[in-house]
Amino acid sequence: MPLHLETPLIESDPLSLAARRRVWLKLDNLQPPGSFKIRGIGLACEAHARAGKRRFVSSSGGNAGIAVAYAGRRLSIPVVVVVPETTTERARALIQAQGAQLVVHGAAWHEANAMAQSMLGEDDAFLHPFDDPLLWQGHATLIDEVAAAAIKPDAVVLSVGGGGLFCGVVEGLRRNGWQDVPVIAAETDGADALARSLATGDRIALDAITSIATSLGARQVCEQAFALARQHPVRPVVVSDQAAVQACERFLDDHRLLVEPACGASLAVAYGQASALADFENVLVVVCGGVTATAEQLRRWRGTFDTMEAAREDARR
Ligand SMILES: *Cc1c(COP(=O)(O)O)cnc(C)c1O
């Protein structure tokens with residue numbers, strides 16, 4: 001039995017109406033640790049356990065770290081997650097609630113990651129949040145489930161951070177004979193490493209992440225993501241943080257499901273970027289999930305955007 005669930009695939013009436021075409025949702029927000037990450041991380045952790053590893057180490061304070069903590073608990077293997085001081089109380093609590101050991105170290109992620117690397121012993125496995133072929137193989141099961149339902153989309157909308165989900169979905173499309181299905185790759189402004197790389201033809205690194213969609217906050221996509229983006233039909237779309245947050249709020253009302261802005265980026269394509277979908281009748285949106293946002297946090301972000309908008313209005317007057 002894999003550690004992930006087979007998630008519902010539903011046709012969304014509200015999103016279909018908004019996008020003026022059929023919109024299917026793959027609800028990976030319903031995975032027990034809150035995101036699709038458990039597909040790949042679960043598969044990788046099982047492989048490491050079989051290979052005799054005795055401990056899992058992660059340096060992600062986000063959905064990847066939570067997925068590693070969950071996988072370790074399910075497999076009865078101890079987990080250490082090293083996070084920087086910037087990691088929210090909520091994320092820390094979720095990691096600890098799975099029984100993982102939490103180590104807080106450093107002002108930024110690279111310091112936490114260096115600490116995690118220095119802790120690695122022979123019997124330890126390090127779990128990368130996106131750059132690992134085992135992860136992609138596991139993420140590909142998302143498309144296997146869509147293929148098993150015999151619902152072939154004309155395009156797949158998904159969010160891109162470091163590109164692990166993208167690599168897995170392309171692998172899934174290929175292994176099901178759907179290599180002709182394009183991917184619409186959504187990013188937020190300020191976390192748009194893939195869109196900028198495709199525009200320049202080089203795998204660029206952003207100077208800084210300025211988006212609130214922290215789960216998309218990889219400064220550079222992994223090599224495999226960039227390579228696949230040049231082989232597979234891909235259309236990058238960049239949405240504002242505000243559009244991503246608005247999509248989360250609308251999705252909460254429409255489907256009673258709370259997701260974080262990283263996922264809202266994909267939903268924003270269906271809600272507000274009909275032009276990106278113009279060529280497609282049947283669109284699959286990967287609802288990648290996320291556990292770090294709360295209804296209260298969405299309201300606070302919305303308040304900030306409203307204030308900024310009012311200031312712009314005043315400036316115009
Ligand atoms: C990790 C994550 C992403 C981005 O996935 P990558 O594999 O890094 O591209 C998007 N949304 C959510 C909710 C995530 O947890």
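For ligands, and for the atoms within them, numbers begin at 1 and follow the listed sequence.
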Legend entry - Min heavy-atom dist Gly163 to ligand 1 below 4.0 Å: yes

Legend entry - Enclosure of Glu85 CD (heavy-atom neighbours >12, cutoff 6.0 Å): yes

Legend entry - Heteroatom distance test (Asn63, ligand 1): nitrogen or oxygen, under 3.5 angstrom: yes

Legend entry - Interfacing atoms of ligand 1 (cut-off 4.0 Å, heavy-atom, Val160): 9 (O)

Legend entry - atom 11 (N) of ligand 1: nearest protein contact (heavy atom, Å): Cys288 SG, 3.2 Å

Inset, instruction - List every atom of ligand 1 that sits less than 4.0 Å from any heavy atom of Gly162, numbering the atoms from 1 in the order shown and giving each element. - result: 6 (P), 8 (O), 9 (O)

Legend entry - Heavy-atom nearest neighbour in the protein, as seen from atom 13 (C) of ligand 1, with distance rounded to 0.1 Å: Gly289 O, 3.3 Å

Legend entry - Leu43 side chain reached by Trp136 side chain, heavy atoms, under 4.5 Å: no

Inset, instruction - Answer yes or no: is there a side-chain heavy-atom contact under 4.5 Å between Asp314 and Arg317? - result: yes

Legend entry - Atoms in ligand 1 flagged as close to Leu165, the criterion being non-hydrogen separation under 4.0 Å: 6 (P), 7 (O)

Inset, instruction - Before signing off on this row, confirm whether Ser159 and ligand 1 have an N or O atom pair separated by under 3.5 Å. - result: no

Legend entry - Residue selection (non-hydrogen contact nearest atom 5 (O) of ligand 1) among Phe36, Phe130, Phe166: Phe36

Inset, instruction - Verify whether one side chain among Arg174 and Gln231 offers a donor that lies under 3.5 Å from an acceptor in the other. - result: yes

Inset, instruction - Look at the side chain of His48 and the backbone N and O of Ala125, then say whether any donor-acceptor pair between them is shorter than 3.5 Å. - result: no

Inset, instruction - Could you tell me whether a side-chain N or O of Glu260 sits under 3.5 Å from a main-chain N or O of Thr292, the two making a donor and an acceptor? - result: yes

Legend entry - Whether Ser59 side chain and Val82 backbone form a donor-acceptor pair below 3.5 Å: no

Inset, instruction - Pull out every atom of ligand 1 sitting under 4.0 Å from any heavy atom of Ala262, numbered as shown with elements. - result: 11 (N)

Legend entry - Within-cut-off N or O pair, Gly164 and ligand 1, under 3.5 Å: yes

Legend entry - Shortest protein contact, atom 10 (C) of ligand 1 (heavy atom only): Leu216 CD2, 3.6 Å

Inset, instruction - Please report which non-hydrogen protein atom sits nearest to atom 14 (C) of ligand 1, along with the residue it belongs to and the distance in Å to one decimal place. - result: Lys37 NZ, 2.9 Å

Legend entry - From Ile184, Leu158, Val157, Val269, residue fulfilling side-chain contact (heavy atoms from CB on, under 4.5 Å) relative to Val285: Val157

Legend entry - Donor-acceptor side-chain pairing of Arg73 and Gln98 below 3.5 angstrom: yes

